[in-house]
Amino acid sequence: MNNAANLQISRCKLSNFVLSIPLFMSNYLEELNPEQKAAVQCTDGPVMIIAGAGSGKTRVLTYRIAYLMEQGADAFNILSLTFTNKAAREMKGRIGYIMGDEAKNLWMGTFHSVFSKILRMEAGNIGFNNNFTIYDSDDSKSLMKSLIKNEGLDDKIYKVNSVLNRISSAKNNLIHYQEYQNNDHLVSEDKIAGRPRLGQLYEAYCRKCKASDAMDFDDLLYYMYVLLKNHPDVLNKYQNKFKYILVDEFQDTNYAQYVIIRKLAAKHENICVVGDDAQSIYAFRGATIQNILNFEKDYSDLKTFKLEQNYRSTKTIVQAANSVIKNNQYQLDKDIWTQNDNGNQIRLLKALSDNEEGHLVANTIFQDKMNLQMPNKDFAILYRTNAQSRSMEEALRKLNIHYRIYGGISFYKRKEIKDLLAYFRLSINPQDEEAFKRVINYPKREIGKTTMDKLSIAADAKQISIWDICENIHLEPISIAPKTKKRISDFVAMIKNFNIMANKKNAFEVASHIANATGLIRDLYADRTPEGISHYENIQELLNGIKEFIDTGQAALDAPSSETVNNEMRLLGEYMADIALLTDADSKKNDDNDDFVSLMTIHMAKGLEFKQVFVVGLEENLFPSQLSLQTRNELEEERRLFYVALTRAEQQLTITHAATRYRWGNLITSERSRFIDEIDPKYIDDKTPKRAQERPQERPSKNWSGFGRAISTTAPSLPSRFKKLKSSKPKNGQTTANFEGDDLDNMKVGMKVEHQRFGLGEVISIEGLFPDHKATVEFENLDGQKQLLLKYAKLKIIRS
DNA sequence: GGAGGCCTCGGAAGG
DNA sequence: CGAGGCCTCC
């Protein structure tokens, strides 16, 4: 936004709200193209906006909300749902920028956070306490693990993740465990999968969560549905409240989300969904494109708008992406175009190995930075799997290019943080059994596994919670030593004390007290190793965050807070409700140098844009993933993922692939991805260095339909594809004509050898059995040693 | 109760 | 290969 806009805003605040806004509005409505403008101004009735990549979707959503407010809608009556906190925060910021303080009253947040807010208020209706715990996926896992064990099931067959996935998808499809158990189809599927007891596990899991006054992430949707379905008065209340409903990233919604928003919108039917079927990349976790199709069926008076003008990328990029996505059979009719310049062709780089791919990318970035005077932050490297970041990192580090990897371990998933949070949880909800199990013996208070098992058995026998047993531990006829019983009752007393305090003092006071009184701080402080120090610092950071919460009243953004804001008295329970749904992406990082190259998976890159984008690892079985080759749907999702990757770029796209790559310790050869050949060749500039073009392309490039390729990929597609190459002249060998490796039988320790890329070195040791002889070689020009499989490395003996 | 050895398994990831 | 879970042995 420019200064003029700024001025407008301050004027809004100063002068009469209603009068000054339209002046401003009329200005920015002119910024919109006709289709965008129509989508913004069509405020009554159901609306679907199909928004192509880079088509100004966020702008339309933002302006639409502003427009609604300008037209007299009360912010309290507008519900806007997103998938990530980040998206919600950004949008709220933008609207705040336009509309001022009034934006605070919008209901805007993720599905999960808005629903959890409502569920807390209405908890009594569905038999929950309003301070119920939200179980994260680790809690779910741990609970399921113990259930599988208790039921005496084989955890090799009942794999925790598979079981939880199955339950998750049942909940996302609004199938209660009773219904699940009565559903012949589901039951027989489980039987065939060798897991006939899955339905029982589902039930046990739900009962346990309920007893612990806990909901997992899927429950936040499922119970929201139950609440609205079984309590007409509640439904009515929220239907009246939410006169306008907006849903972002509609292509990522699952069935439960669809049903809930449809229910909420049933009265006013002012519902606007925005999405792009071409960017649907989350079907694997339950999102269904079917929602878009259903939407058209469910609302006969639906008005559909298509935003097809791309403002982000060059013509080359837009048209290249189009040429890829048109290979998908299932898609809405669209014609994405741009007025932008043609721009450069897409660079295609081929490397011999994954490491060389890293160097190629890093060098190219280095050169572009010099030639084009671009800062690091204009570059992004996108990959299919996290494991691919390693070679990129190493190469960037060598050239001293500052980078940052997105994704990784969340702050809130660190052990020490989870430990302290578990104390907080328990102090607020003593029935939270996962929290209880986590901290009962941390820091050490000599209440071990044996004792826990006895408590657990006793609790099951009496059909009460472990906490309830512990509360009266001295009265329980359990064979636990009096000494241990005393320790347990001390623990209970401590938690009860915290609980009382949590309702009287502010969050920061209580949190600091807990951190100290439990001995957790002392325990962490005692560890002076670098890791130990960092654990300690993380705890301090958490406490600082709580202090900030008290001081600034920085709260979740999802809904207007009705309470008078008295920050000093913000309770620990409020803090916990606030952060339960936060993820690492939400914790602000302070980096002294914020000019860095971004490294992330394509999934993480969705919604972002960069001047220069490198999409790496374009190889069959990696991208598309070998796991996606079974069905057309999955392959199409991979293709949409590729489409997302391409459309992140504003100016320059670079695509790379490597002929060989280490995968789980084995070197594999890789065929280049069919997706490369789906790009219309006229947009591609093959920059492959000469030395890498050691063999003719086995396919003529006009054979790009993917048809010919399908044959090669219908070959064994599971791990068998990854088995080691035979040592005898590999068909796709990486040798160049004039670099013949010597016979590995002659290789001896101490020999001086030459490697095609690493240069001269000395053999330190040789191990492994034929044909997997592996040599450790120390190269003169490299740090440390390299382990090389002789059958691939083609070492040349220089001197014995 | 805890360290270390052994085995298994490996996709992407929001809340 | 490498991380994480589990089990064993002290």
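All chains are named by letter (A, B, ...) in the order of the sequence lines, taking the proteins before the strands, and each is independently numbered beginning at 1.
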Query raised in the report: Taking OH from A/Y406 and C1' from B/dA13, how many angstroms apart are they, rounded to a whole number?
Result: 17 Å

Query raised in the report: Just checking A/D252: base, sugar-phosphate only, or nothing, at a heavy-atom cut-off of under 4.0 Å?
Result: nothing

Query raised in the report: Does A/N85 put a side-chain nitrogen or oxygen below 4.0 Å from OP1 or OP2 of B/dG15?
Result: yes

Would you tabulate the nitrogen or oxygen pairs shorter than 3.5 Å linking the protein to nucleotides 6-10 of chain C?
none

What's touching nucleotides 9-11 of chain B from the protein side, N or O pairs under 3.5 Å?
{"residue": "B/dG10", "atom": "N3", "partner": "A/W664", "partner atom": "NE1", "Å": "3.2"}
{"residue": "B/dG11", "atom": "N2", "partner": "A/R384", "partner atom": "NH2", "Å": "2.4"}
{"residue": "B/dG11", "atom": "N2", "partner": "A/E638", "partner atom": "OE2", "Å": "2.8"}
{"residue": "B/dG11", "atom": "N3", "partner": "A/R384", "partner atom": "NH2", "Å": "3.2"}

Query raised in the report: Whole-Å distance between B/dG15 P and A/K171 NZ?
Result: 18 Å

**Report entry** Pairing residues for A/A422 by the side-chain contact (heavy atoms from CB on, under 4.5 Å) criterion, not counting sequence neighbours
**Finding:** A/A435, A/R438, A/V439

Report summary line: For A/Y383, the ring pair (Phe, Tyr, Trp, His ring centres under 6.0 Å) test, sequence neighbours excluded, returns none

Query raised in the report: By side-chain hydrogen bond (donor to acceptor under 3.5 Å, both in side chains), which residues pair with A/K415, not counting sequence neighbours?
Result: A/D419

Query raised in the report: If we take the P atom in both C/dG4 and B/dA13, what is their distance in whole Å?
Result: 16 Å

Report summary line: Atom OH of A/Y662 and atom P of C/dC1 are separated, to the nearest Å, by 9 Å

Report task. Only counting residues at least two apart or in another chain, list the ones meeting ring pair (Phe, Tyr, Trp, His ring centres under 6.0 Å) with A/Y202. Result -> A/Y180

Report task. Assess whether salt bridge (charged side-chain N to carboxylate O under 4.0 Å, His left out) is satisfied between A/D219 and A/K171, documenting all intermediate values. Result -> CA-CA 7 Å; A/D219 286 335; A/K171 285 181 185 169; 2.9 Å; yes

Query raised in the report: Roughly how many Å is it from CG in A/D136 to P in B/dA13, rounded to a whole number?
Result: 17 Å

**Report entry** Near-ring test A/F436/A/F491, centroid separation under 6.0 angstrom
**Finding:** yes

Query - Nucleotide B/dG15, atom P - distance to CZ of A/F111 in whole Å - result: 13 Å

Query raised in the report: When the distance from CD1 of A/I260 to P of B/dG15 is rounded to whole Å, what number comes out?
Result: 17 Å

Report summary line: 5'-most contact on DNA chain B (nearest-nucleotide basis), A/I281 vs A/A580, goes to A/I281

Report summary line: Hits for side-chain contact (heavy atoms from CB on, under 4.5 Å) against A/D523, two or more places apart or cross-chain, chain-then-number order -> A/Y442, A/P443

Query raised in the report: Please give, in whole Å, the distance from B/dG15 C1' to A/L221 CG?
Result: 9 Å

Query - Under the ring pair (Phe, Tyr, Trp, His ring centres under 6.0 Å) test, residues paired with A/F424 that sit two or more places apart - result: none

Query raised in the report: Taking CG from A/N355 and C1' from C/dC1, how many angstroms apart are they, rounded to a whole number?
Result: 13 Å

Report summary line: Sorted by position of nearest nucleotide on DNA chain B, 5' first, the leading residue of A/G448 and A/S168 is A/G448

Query raised in the report: Can you list the residues that meet the ring pair (Phe, Tyr, Trp, His ring centres under 6.0 Å) rule with A/Y330, with sequence neighbours excluded?
Result: none

